[in-house]
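Reviewing the structure listed below.
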Protein chains: 2
Amino acid sequence: MSQLDTKTRILDAGEHLFARDGFHNTSLRTITSLAKANLAAVNYHFGSKEALLRAVIERRLLPLNQLRKEQIDAVLAEAAATGTAPSAKSLLRAFIEPTLAFRSAGPGAQDFIALVGRSMSEPDETVRNCFIGLVLPNFRLFFESLQRALPQLPTAVLMARVQFTLGAMSHVMCTSNKPPINISAAPQPLDDDELAEQLLQFVSTGLEAPQ
Amino acid sequence: MSQLDTKTRILDAGEHLFARDGFHNTSLRTITSLAKANLAAVNYHFGSKEALLRAVIERRLLPLNQLRKEQIDAVLAEAAATGTAPSAKSLLRAFIEPTLAFRSAGPGAQDFIALVGRSMSEPDETVRNCFIGLVLPNFRLFFESLQRALPQLPTAVLMARVQFTLGAMSHVMCTSNKPPINISAAPQPLDDDELAEQLLQFVSTGLEAPQ
DNA sequence: GATCGATTAAAACACCCGTTTGAAACGCTG
DNA sequence: CAGCGTTTCAAACGGGTGTTTTAATCGATC
């Protein structure tokens with residue numbers, strides 16, 4: 001890690017600590033000491049603690065958003081080509097899979113996913129506004145595509161079901177790097193891919209449920 | 001509020017502020033000033049800030065847990081009486097409905113529900129451990145009942161699906177008192193009862209999805 | 001009405017926070 | 001090698017934190 005430049009080391013440390021302890025629970029002193037940098041380096045390179053958070057989120061979220069957009073566009077294009085409505089499940093896959101697959105994109109990516117997962121219900125506006133602002137255009141595209149896939153659902157109902165979907169998804173995202181609640185002597189928990197497939201099955205069935 | 005004793009006023013203020021701003025974002029000075037009490041009163045009556053949090057959670061969660069247990073037991077008893085397996089949907093209703101209905105149990109209850117909803121993915125162990133410790137026995141009963149309702153599902157799969165259910169549920173709980181993300185010009189969002197019914201429909205369909 | 005435990009009150013404690021400052025060290029270009 | 005913009009560094013700033021202390025006030029009991 002020490003051959004990377006200071007800015008990157010701080011981003012990595014911030015990503016890890018923000019994800020593990022939350023934004024307000026993480027001090028600049030903890031970040032800079034993990035990054036082996038001077039305390040003032042954060043304000044020098046980023047301007048403030050909040051700007052560092054924005055940089056941490058943007059670094060990963062912009063590429064992730066683009067990937068999601070490409071996948072959704074591909075689903076829409078194929079539907080248009082065959083003259084049919086896109087299926088809800090394929091849209092969900094386009095939205096969910098890049099996110100969960102992202103976790104194996106390298107060290108720190110899993111931390112980042114946990115950070116994003118929690119951002120959705122963050123009480124603090126610092127984190128939530130930053131996150132929502134970045135993800136909203138992407139999300140709007142997702143929602144409007146879903147409306148075309150499920151035209152029989154009233155908008156308000158679809159919105160509620162999408163909210164449930166996001167809840168299930170974010171919960172998986174932010175608990176995937178934590179020890180699970182030991183509710184039962186499960187022989188063996190599912191691995192990441194199986195979990196993603198189960199999530200997809202769960203939410204697509206729920207989304208298409210009869211009213 | 002001012003005719004209540006100091007201890008109760010502090011509990012109410014803590015509940016409101018912990019729910020709105022999070023545990024670490026809320027200072028004892030803010031709590032005591034809202035409660036019209038002296039700063040030292042928290043440490044006098046509760047011992048510490050963390051002990052206050054525990055008291056806030058316990059005050060509502062213990063009765064809620066008992067209510068949930070009664071409802072689940074009733075479902076199990078009726079199933080036993082008719083010699084059939086309990087249905088997943090009725091178990092879900094027994095678990096979910098008391099929680100959401102709790103929001104109309106009085107002022108502050110809605111704040112509390114948001115606090116609980118966020119506790120499940122709380123990065124800080126202070127809040128999470130306190131919450132998990134209290135809810136775990138109740139949750140175990142719920143899970144084992146579900147296993148009897150859906151014996152064909154492997155334990156690991158059921159666990160994953162229950163995790164999704166909790167995610168959807170907690171997301172509803174902690175966003176129900178926030179302005180919704182404006183994804184679309186929805187004519188009119190669902191009211192609380194409709195939302196609860198939609199949630200129940202969504203998760204019970206997902207839980208019973210084919211593998 | 002005096003006494004004594006329970007409660008409230010104001011003040012101080014020691015510590016951690018994000019940010020700023022000003023000087024030192026570095027790395028490049030001329 | 002001199003000069004200069006960039007980066008690092010130690011130190012301090014002002015302010016907020018949870019907690020503790022000490023004294024004052026209250027209320028019931030004798």
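Computed over heavy atoms, backbone and side chain alike; hydrogens, waters and symmetry mates excluded. Just so we're on the same page: letters track the sequence lines, and every chain starts at 1.
The distance between atom NE2 of A:H24 and atom P of D:dG18, rounded to the nearest whole Å, is 14 Å. D:dT6 atom P lies 13 Å from atom NZ of A:K7, rounded to whole Å. Separating the CG atom of A:D5 from the P atom of C:dG27 is a distance of 14 Å, rounded to the nearest angstrom. Put simply, CG on B:L39 is 10 Å from P on D:dT19, counting in whole angstrom units. The distance between atom OH of A:Y44 and atom P of D:dG5, rounded to the nearest whole Å, is 12 Å. At whole-Å resolution of the value, CG in B:L52 and P in D:dG18 are 11 Å apart. One atom, CG of B:L4, and another, P of C:dT8, lie 13 Å apart when rounded to the nearest Å. Remark: C1' of D:dT19 and CD1 of B:I31 are 14 Å apart, rounded to the nearest angstrom.
In the interface, the side chain of B:R29 is paired with the base of D:dG18 through a donor and an acceptor atom under 3.5 Å apart.
At D:dT8, one or more side-chain N or O atoms of A:T6 fall inside 4.0 Å of OP1 or OP2 (strictly under the cut-off). Applying the 4.0 Å criterion to OP1 and OP2 of D:dT6, one finds that A:H45 has every side-chain N and O outside that range. At the phosphate of D:dT17, OP1 or OP2 sits under 4.0 Å from a side-chain N or O atom of B:S27.
Side-chain polar atoms of A:R118 and A:S170 form no donor-acceptor pair below 3.5 angstrom.
Out of C:dA9, D:dT19, D:dA10, the shortest distance to the side chain of B:A40 is found at C:dA9.
Nucleic acid contact class of A:T26 (heavy atoms, under 4.0 Å, all strands): sugar-phosphate only.
For the pair A:K49 and A:F23, the cation-pi test (distance below 6.0 Å, angle within 45°) is passed.
If you take CD1 on A:I113 and CE on A:M173, they are separated by 4.5 Å, rounding to the nearest 0.5 Å.
Ring orientation note: the planes of A:F142 and A:F95 are close to parallel, at an angle under 30° on the 30°/60° scale.
When the options A:L200, A:L199, A:V162 are evaluated for a side-chain contact (heavy atoms from CB on, under 4.5 Å) with A:L92, the one that passes is A:L200.
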